[in-house]
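Because the structure is predicted, anything quoted here is derived from the model rather than measured.
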Amino acid sequence: MARITSLAEAIKSAIHDGDTIALEGFTHLIPHAAGHEIIRQGRKRLTLIRMTPDLVYDQLIGMGCVAKLIFSWGGNPGVGSLHRLRDAVENGWPHKIDLEEHSHAAMANAYEAGAAGLPCAIFRGYIGGDLPKVNSKIKRVTCPFTGEELAAVPAHRPDVAVIHAQRADKAGNVMIEGVLGVQKEAVLASKRSVVTVEEIVDELPARSLNAVVLPHWTVNHIAEVPGGAFPSYAQGYYPRTNGFYKEWDAVSRERDSFLAWMKENVLTKGPEVFAQHVRKFRTAAE
């Protein structure tokens with residue numbers, strides 16, 4: 001059953017050292033505010049799962065929160081590399097992390113299998129590619145009905161899913177609209193979940209054709225964090241802040257500039273700063 005609480009209380013209750021967590025959002029509704037709270041609370045030895053790890057994962061890795069990354073494609077979208085991820089892999093700073101790389105198709109299928117309570121995902125894929133040479137979790141199985149050879153990977157069953165959404169009602173039902181990614185599957189596949197939302201309303205509005213509602217009994221913690229997806233976008237609330245992604249490339253290149261930025265903008269700030277980042281867009285929309 002969903003419990004509406006502060007972000008700090010939600011992270012403290014749901015996420016523990018050594019957990020496997022998935023902060024999901026496919027270009028849209030990326031839970032940056034929740035990621036910052038994980039950093040502030042000093043979580044360590046985390047295994048992170050994500051289809052497209054970008055800036056918030058770069059920050060978690062650079063602050064020493066991460067032991068392993070399970071992913072497909074990692075980078076600063078439209079800009080280039082994740083410099084803190086590269087530093088960890090190539091130089092072991094702040095410490096080495098293990099990598100388990102998959103294709104997008106494998107990641108999506110693994111989430112769906114986890115949501116269905118299955119031990120693995122079976123699909124057509126990895127034919128002619130080299131990832132099976134570096135990832136022992138990728139297997140081949142033979143269909144017992146057709147004899148076709150298929151790919152198989154373990155299901156994703158995180159300890160915690162963390163997502164951002166537009167709205168939740170006071171009963172704890174969550175509505176996501178726009179580009180959905182695998183947020184729904186991540187929540188259903190996980191033991192626990194934390195959902196940050198732009199606003200909590202008395203009743204959810206009529207659903208658009210591209211929307212999903214997570215019932216209150218599928219969600220554990222809800223925190224109202226306006227702007228919580230910044231610098232990614234929240235459909236109907238604010239656009240993607242492309243300039244921030246470009247700025248991050250320079251900030252994250254060197255360890256000292258990265259640490260100084262994190263101290264000033266994350267360690268000494270709270271989630272309320274996210275509302276300030278997007279206030280001009282929300283005011284314009286109103």
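- Under the 3.5 Å distance criterion, with hydrogens and angles disregarded, no donor-acceptor pair is assigned to the side chains of H83 and D58.
- Taking the side chain as every heavy atom from C-beta outward, I15 and I21 approach each other to under 4.5 Å.
- Interatomic distance, L48 CG to I38 CD1, rounded to the nearest 0.5 Å: 8.0 Å.
- A donor-acceptor pair is defined here as one N or O able to donate and one able to accept, closer than 3.5 Å; no such pair exists between the side chain of Y245 and the backbone of R240.
- Classification of K44 and D17 as a salt-bridged pair fails, no side-chain N sitting under 4.0 Å from a carboxylate O.
- Open room surrounds CZ on R86; 12 or fewer heavy atoms of other groups in view lie less than 6.0 Å from it.
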Donor-acceptor pairs under 3.5 angstrom involving side-chain atoms of residues 211-230: please list them, not counting sequence neighbours.
residue	atom	partner	partner atom	Å
T218	OG1	P215	O	2.7
N220	OD1	S193	N	2.9
E224	OE2	I200	N	2.9

Side chain to side chain contact (heavy atoms under 4.5 Å, CB included) evaluation trace for K184 with I176: CA-CA 9 Å; K184 175 188 70 175; I176 313 170; 5.6 Å; no
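- Among all heavy-atom pairs drawn from S232 and L29, the shortest one is OG-N, 3.8 Å.
- The cluster map of Ile, Leu, Val, Met, Phe, Trp and Tyr, joined by side-chain heavy atoms under 4.5 Å apart, puts F123 and I138 in the same cluster.
- A side-chain N or O of Q41 and one of E37 form a donor-acceptor pair less than 3.5 Å apart.
- Pairing each heavy atom of A115 with each of L188, the nearest pair is CB-CB, 3.8 Å.
- T241 places no side-chain N or O within 3.5 Å of a backbone atom of F244 that could act as its donor or acceptor partner.
- Under the 3.5 Å distance criterion, the side-chain polar atoms of K96 are left unmatched by any main-chain donor or acceptor of W93.
- In this structure, CG on N135 lies 12.5 Å from CG on D130, to the nearest 0.5 angstrom.
- Taking 4.5 Å as the limit, some side-chain heavy atom of W248 sits within range of a side-chain heavy atom of Q59.
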Trace of the ring-ring contact (aromatic ring centres under 6.0 Å, His included) decision for F274 with H36: CA-CA 11 Å; F274 283 84; H36 286 187; 5.3 Å; yes
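- A salt bridge links E177 and R167; the closest N-O separation between the charged side-chain nitrogens and carboxylate oxygens is under 4.0 Å.
- Judged by distance alone, with hydrogens and angles left aside, the side-chain atoms of N173 form no donor-acceptor pair with the main-chain N or O of D169 at under 3.5 Å.
- At a threshold of 4.5 Å between non-hydrogen side-chain atoms, the residues E101 and V134 do not count as touching.
- Taking every heavy atom of both residues into account, S252 and F258 meet most closely at CA-CB, 4.3 Å.
- Contact annotation: the side chain of L69 approaches that of P53 to within less than 4.5 Å [non-hydrogen atoms, C-beta and beyond].
- Remark: Q166 CD to E199 CD distance equals 9.5 Å, nearest 0.5 Å.
- You'll find the side chain of N210 stays beyond 4.5 Å of the side chain of V179, heavy atoms only.
- Under the 4.5 Å side-chain heavy-atom criterion for Ile, Leu, Val, Met, Phe, Trp and Tyr, I97 and L23 are members of the same hydrophobic cluster.
- Surrounding CD of E90 are more than 12 heavy atoms belonging to other residues, nucleotides or ligands, all under 6.0 Å away.
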From CA spacing to verdict: side chain to side chain contact (heavy atoms under 4.5 Å, CB included), E24, E185: CA-CA 10 Å; E24 276 295 350; E185 289 80 4; over 6 Å; no
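- The two residues A22 and P158 have their closest heavy-atom pair at CB-CG, 4.1 Å.
- In this structure, CE in M262 is found 12.0 Å from NZ in K269, a value given to the nearest 0.5 Å.
- With respect to the salt-bridge test (charged N to carboxylate O, under 4.0 angstrom), the residues D19 and R43 do not qualify.
- How far CG of N109 is from CD1 of I122: 10.0 Å, rounded to the nearest 0.5 Å.
- Between P31 and V162, the closest heavy-atom pair is CG-O, 3.6 Å.
- For the pair R84 (side chain) and R253 (backbone), a donor-acceptor distance under 3.5 Å is present.
- Both L60 and V160 are part of a single hydrophobic cluster, where members link through side-chain heavy atoms under 4.5 Å apart.
- A donor-acceptor distance shorter than 3.5 angstrom exists from the side chain of S257 to the backbone of E254, with no hydrogens or angles considered.
- The closest side-chain donor-acceptor pair between E198 and H164 falls under 3.5 angstrom.
- The closest donor-acceptor contact from the side chain of Y111 to the backbone of V187 lies at 3.5 Å or more, if one exists at all.
- For CZ of R207, the number of neighbouring non-hydrogen atoms (other residues, nucleotides, ligands) closer than 6.0 Å is 12 at most.
- Linking Ile, Leu, Val, Met, Phe, Trp and Tyr residues whenever their side-chain heavy atoms come within less than 4.5 Å places V266 and Y57 in a single cluster.
- Counting only heavy atoms from C-beta outward, the side chains of L150 and R140 never approach each other to under 4.5 Å.
- Linking ILVMFWY side-chain heavy atoms closer than 4.5 Å, directly or via other members, places V197 and M175 in two distinct hydrophobic clusters.
- Listed for the H16 side chain is a donor-acceptor partner under 3.5 Å among the backbone atoms of S13.
- Side chain of D54 to backbone of N76: no donor-acceptor contact under 3.5 angstrom is found.
- No more than 12 heavy atoms of other residues, nucleotides or ligands shown are found within 6.0 angstrom of CG on D256.
- Between the side chains of R279 and Y238, no donor N or O sits under 3.5 Å from an acceptor N or O.
- Crowding of Q276 atom CD: a count of heavy atoms from other residues, nucleotides or ligands under 6.0 Å exceeding 12.
- Rounding to the nearest 0.5 Å gives a distance of 7.0 Å between CD1 of I70 and CE of M107.
- A heavy-atom distance below 4.5 Å is found between the side chains of N91 and R255.
- Of all heavy-atom pairs between I39 and M63, the closest is CG2-CG, 3.9 Å.
- In this structure, the side chain of S190 does not engage the main chain of D159 through any donor-acceptor pair within 3.5 Å.
- Residues E149 and T142 bring no donor and acceptor atom of their side chains to less than 3.5 Å of each other.
- Between R50 and V56 there is a side-chain heavy-atom pair separated by less than 4.5 Å.
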